[in-house]
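Numbering of ligands and ligand atoms starts at 1, following listing order. Just so you know, residue 1 is the first one in the sequence shown, and it goes up from there.
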Amino acid sequence: MPVADEPFSLVIFGASGDLTRRKLMPALWSLYAARTLPEPFAIIATARRDFGPDEFRRRMREAIGEFARVQPPSEHVWERFAAALSYVAGDPTDAALYPKLERALRAIEAARASRPNRLYYCATPPSLYDDIIANLGASGLARGSAGGVTRIIVEKPFGRDYESARALDRQLAAAFREEQIYRIDHYLGKETVQNILVLRFANGIFEPLWNRNHVAEIQITVAESLGVETRGAYYEEAGALRDMVQNHLLQLLCLIAMEPPVSFDAAPVRDEKNKVMRAIRPVDARRVPEVALRGQYGPGFVDGRPVPGYRQEQGVAPDSKTETYAALRLIVDNWRWAGVPFYLRTGKRLKKRVSEIAIRFHRTPHMIFRRSPAGVEANTLVIRIQPDEGMALTVAAKTPGPDLKLGPVRLDFHYGEVFGGEPPEAYERLLLDAIHGDATLYARGDWVEHAWQALGPVLEAWAEDPAVGLFPYEAGSWGPADADAFIARDGGAWRAP
Ligand code: NDP
Ligand code: BG6
């Protein structure tokens, strides 16, 4: 049942962390500033650190100054938002925290005439989700309060592997009904990611070309210039494959590779994405280095500033084997994509922050401009997820002049120029959807399990096989030199975004 525009209370576990500061609170503030957050609302933040409520509000004010796309027009408006923030210190693994949370919720709900709607948000390192869910179940908080709607949002990565994801599902199922569970993957809330389906299925010109007959190769890049910042402890238990590939990059692959759903509704869209996951060719455990490569950043320079290597970061073991870079070559074994390689790569402390999908088409079967073949590149459609959201298609054109010379030109569309301003943050859309009870842009449990299955042999080889290399790269570069050799084996090269 949708909460629609009814009041709600949101409890954030892990609220002293990076996600809350960088994404959740700026998104909640921006929704409030745009008057789209249902009112009255309450946000109960909880973590072990013993901030008083005033100190927590001060930190959140700072976070909004740094990360929100909308700034408070006056301190008075900020104070109105801040009045809805409270902080309950406690360890989420300790059952004693939950009666305190319940008292805080009841006090807020008693002061309202409306239904007691509740959302719980797991924003801690994933190893704590089991305890949080068990405690929500045992304390009765999962059941919620009579007459209200209760939901739980679980951050990625959902589990560490196939088995643990299934165990987490079972544990969730013991405390919550499936329709109460929201598995978040914030890439699905990005405007440019939602636009992939619009581009493909609201335009007649792409679908006839969107297959092995015309597409030679697809590259999906999610590069970050940031390091692990304050998140060493979390990242040590995750690594690039679990942190980014198992969720964000595989979701992008599905949106590019899926068949048209019958309608843009949760069930048909999710069904088609699952079919893609089932079509991914299983990785042969004995040949992992042929399909996957990992790296770890050393010291270097980013934006002209010296930065430490991964092993020197706070919370990271000096001999850590955790990968901060991952590259994969996947094959989608179905009629549409047979033989088209999908290259995926992601890394921290790379040269610049850029997420894009590049679809390279076959060259022309015959070149009639034999005297000036230079300058003709294969047509490539680049979907820029961020920053500089937009898309570009490269085509060959005659360059002006008496000679017949050819060169590539870009037909380029920039969101900012056409629609003005910055697109809303993914978390704005997704938080609002969870408040309203719309799970279309959330990941389904069976998709998550397929994703772990697809990566299982790579995770195992990287954890257990000392012969599989961990290639170093300099912070501020495009990743390990070996990644170039990895793609060159097929005769290809990474795009320079
Ligand atoms: P953090 O490392 O910042 O951890 C969040 C909080 O969890 C910490 O502030 C800490 O609070 C608490 N915590 C950590 N370890 C323990 C422990 N052993 N016992 C109890 N509490 C603990 O992580 P992030 O905020 O970066 O990430 C949280 C989740 O959000 C992850 O699943 C991540 O994948 C996901 N995510 C993060 C994004 C980001 O940009 N940061 C973006 C998208 C998803 P305290 O010590 O005060 O208890
Ligand atoms: C998160 C990862 O899921 O996505 C982070 O945990 C990463 O490590 C972040 O920095 C990237 O998100 P965005 O929206 O900045 O591309």
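Note on ring orientation: taking the six-membered ring where Trp is involved, the planes of F206 and W210 are perpendicular (angle over 60°, cut-offs 30° and 60°).
Counting the atoms of ligand 2 from 1 in the order shown, those under 4.0 Å from a heavy atom of K190 are 13 (P), 14 (O), 16 (O). Listed by number with element, the atoms of ligand 2 under 4.0 angstrom from any heavy atom of Q386 are 13 (P), 16 (O). Listed by number with element, the atoms of ligand 2 under 4.0 Å from a non-hydrogen atom of R353 are 15 (O). Residue contact check: K156 has heavy atoms under 4.0 Å from atoms 1 (C), 2 (C), 3 (O), 6 (O) of ligand 2. For ligand 2, the atoms lying closer than 4.0 Å to a non-hydrogen atom of K348 are 5 (C), 7 (C), 8 (O), 10 (O).
Look at E272 and K275 and you find a salt bridge, because one of the NZ, NE, NH1 or NH2 atoms lies within 4.0 Å of a carboxylate O, short of that distance. Salt-bridge formation is not detected for the pair R183/E155: no Lys NZ or Arg NE/NH1/NH2 atom is positioned less than 4.0 Å from an Asp or Glu carboxylate oxygen.
Counting only heavy atoms from C-beta outward, the side chains of Y121 and L19 approach each other to under 4.5 Å.
Near ligand 1, G14, S16, G17, D18, L19, K23, A47, R48, R49, D91, P92, A123, T124, P125, P126, L128, Y129, E155, K156, P157, H186, R231, Y234, Y427 each place a heavy atom less than 4.0 angstrom from the ligand.
Within the structure, ring-ring contact (aromatic ring centres under 6.0 Å, His included) contacts touching residues 441-465 (residues at least two apart or in different chains) are Y182-Y442.
At a 4.0 Å heavy-atom cut-off, ligand 2 touches Y187 through the side chain alone.
The residue among E224, H248, K23 with a heavy atom at the shortest distance from atom 13 (P) of ligand 2 is K23. Considering V228, D243, L19 only, the shortest heavy-atom separation from atom 8 (O) of ligand 2 involves D243.
Each of D243, T346, D185 was compared with H248 under the side chain to side chain donor-acceptor pair (under 3.5 Å) criterion, and only D185 meets it. Residue S16 is tested with R21, R49, R48 for a side chain to side chain donor-acceptor pair (under 3.5 Å); the sole match is R49.
Between Y235 and ligand 2, not a single N/O pair is under 3.5 Å apart.
For S320 against V316, the heavy-atom pair with the smallest separation is CB-CG1, 3.8 Å.
With rounding to the nearest 0.5 Å, the separation of CZ in R69 from OG in S30 is 5.0 Å.
Cation-pi geometry between K156 and F158 is not met at under 6.0 angstrom from the ring centre and within 45 degrees of the axis.
Shortest contact from atom 5 (C) of ligand 2 to any protein heavy atom: R231 NH1, 3.2 Å. The closest protein non-hydrogen atom to atom 12 (O) of ligand 2 is H186 NE2, 3.1 Å.
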* Audit row: R57, D54, salt bridge (Lys or Arg N to Asp or Glu O under 4.0 Å) steps and yes/no -> CA-CA 5 Å; R57 288 184 196 118; D54 289 340; 3.0 Å; yes

